[in-house]
Novice: 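The structure that follows is given in the form of structure tokens.
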Amino acid sequence: MRDPKRVAILISGRGSNMRALVEQAEVYEVALIASNKPEALGLEWARSRGLSTWELESKGIEKEAFDRQLSAALDDHSVGTIALAGFMRILSPWFIDEWRGRIVNIHPSLLPKYRGLDTHARAIAAAEPVSGCSVHLVTEELDAGEVLGQTQVPILPTDDVQSLEQRVLAEEHRLYPKVLSEFVTR
Ligand code: GRF
């Protein structure tokens, strides 16, 4: 049984958004931390917290075959909502259809602006006065699903990519748990 309040967090790296989601979990329960990179730093932290983890190196496995194994692991834990948090892998159309409407992601820009990578550098280069972060539904089109929540962050004349990233990341850690809490009950 897929329970919307049982959340899986998918990571590939350091997992700072994962930590924020775990530490601010009240409305939802973090049922599984899954990664396509066994060496992801966030996995160590998750294990140290006694959370259930699943990992499988995605390199060398056909995309849908990986996604079918991932999907089975999610079902083993009765997951009903999937939160991508620095998951650096495009999901297969099969997986997106199987979990349609149940996958969310955090993106470091004010979508629909700056989909894809290098968002901060692109926003600074375009002399944007403001940037921010967005939580959105995941669909087949990259970073293009319904926006569920956003926070704006001003771009200062003194900002470089690192300083802007740091301030946006701090807002991601506030926004994501809040939006996810609303999402699992909607
Ligand atoms: C964050 O900037 C997030 O917006 C993007 O990937 C980064 C992940 O960082 N999707 P972390 O692993 O959560 O620290």
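What you see below is based on every heavy atom in this structure, not just the backbone, and it leaves out hydrogens, waters and symmetry mates. Note that the structure is a prediction, hence the values are computed from the model and not measured. Indexing begins at 1, ligand by ligand and atom by atom, following the structure's order.
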Novice: Measure E165 to ligand 1 on non-hydrogen atoms and call it side chain, backbone, both or neither using the 4.0 Å cut-off.
Specialist: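 For E165, no heavy atom sits under 4.0 Å from ligand 1.
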
Novice: Is there a donor in the side chain of T81 and an acceptor in the side chain of R102, or the other way round, less than 3.5 Å apart?
Specialist: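 Result is yes, a qualifying pair exists.
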
Novice: Find the distance between CD (E55) and OG (S35) and round it off to the nearest 0.5 Å.
Specialist: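 So the CD of E55 and the OG of S35 are separated by 7.0 Å.
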
Novice: Test your reading of the structure: does A85 have an N or O sitting under 3.5 Å from an N or O of ligand 1?
Specialist: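 Checking ligand 1 against A85, no N or O pair falls under 3.5 Å apart.
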
Novice: How far is atom 9 (O) of ligand 1 from its nearest protein heavy atom, and which residue and atom is that?
Specialist: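 Heavy-atom neighbour on the protein nearest atom 9 (O) of ligand 1: R14 NH2, 3.3 Å.
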
Novice: Looking only at side-chain N and O atoms, does S92 offer a donor or acceptor that is under 3.5 Å from a partner on E64?
Specialist: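 S92 and E64 do not have a side-chain donor-acceptor pair below 3.5 Å.
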
Novice: Out of I106, I9, T119, L21, who is nearest to atom 10 (N) of ligand 1 when you count heavy atoms only?
Specialist: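 Closest candidate by heavy-atom distance is I106.
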
Novice: Is there a polar contact between ligand 1 and E172, counting only N or O atoms under 3.5 Å apart?
Specialist: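 E172 vs ligand 1: N/O contact under 3.5 Å present.
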
Novice: Quick check: is I82 connected to L56 through a chain of hydrophobic side chains (ILVMFWY, heavy atoms under 4.5 Å apart)?
Specialist: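 Linked, L56 and I82 end up in one cluster.
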
Novice: Looking only at distances, please establish whether an N/O atom of ligand 1 is found under 3.5 Å from an N/O atom of G15.
Specialist: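 N/O-N/O distance below 3.5 Å exists for this pair.
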
Novice: For atom 6 (O) of ligand 1, what's the nearest protein heavy-atom neighbour? Residue, atom name and distance, please.
Specialist: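 Looking at atom 6 (O) of ligand 1, the protein heavy atom closest to it is G86 CA, 3.7 Å.
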
Novice: Show me the pairs that pass ring pair (Phe, Tyr, Trp, His ring centres under 6.0 Å) and involve residues 66-88, at least two apart or across chains.
Specialist: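 Of all non-adjacent pairs touching residues 66-88, those that pass ring pair (Phe, Tyr, Trp, His ring centres under 6.0 Å) are W54-F66.
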
Novice: Does any pair with a residue in residues 160-186 pass ring pair (Phe, Tyr, Trp, His ring centres under 6.0 Å), and if so which ones, sequence neighbours excluded?
Specialist: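 Residue pairs passing ring pair (Phe, Tyr, Trp, His ring centres under 6.0 Å), neighbours aside: none found.
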
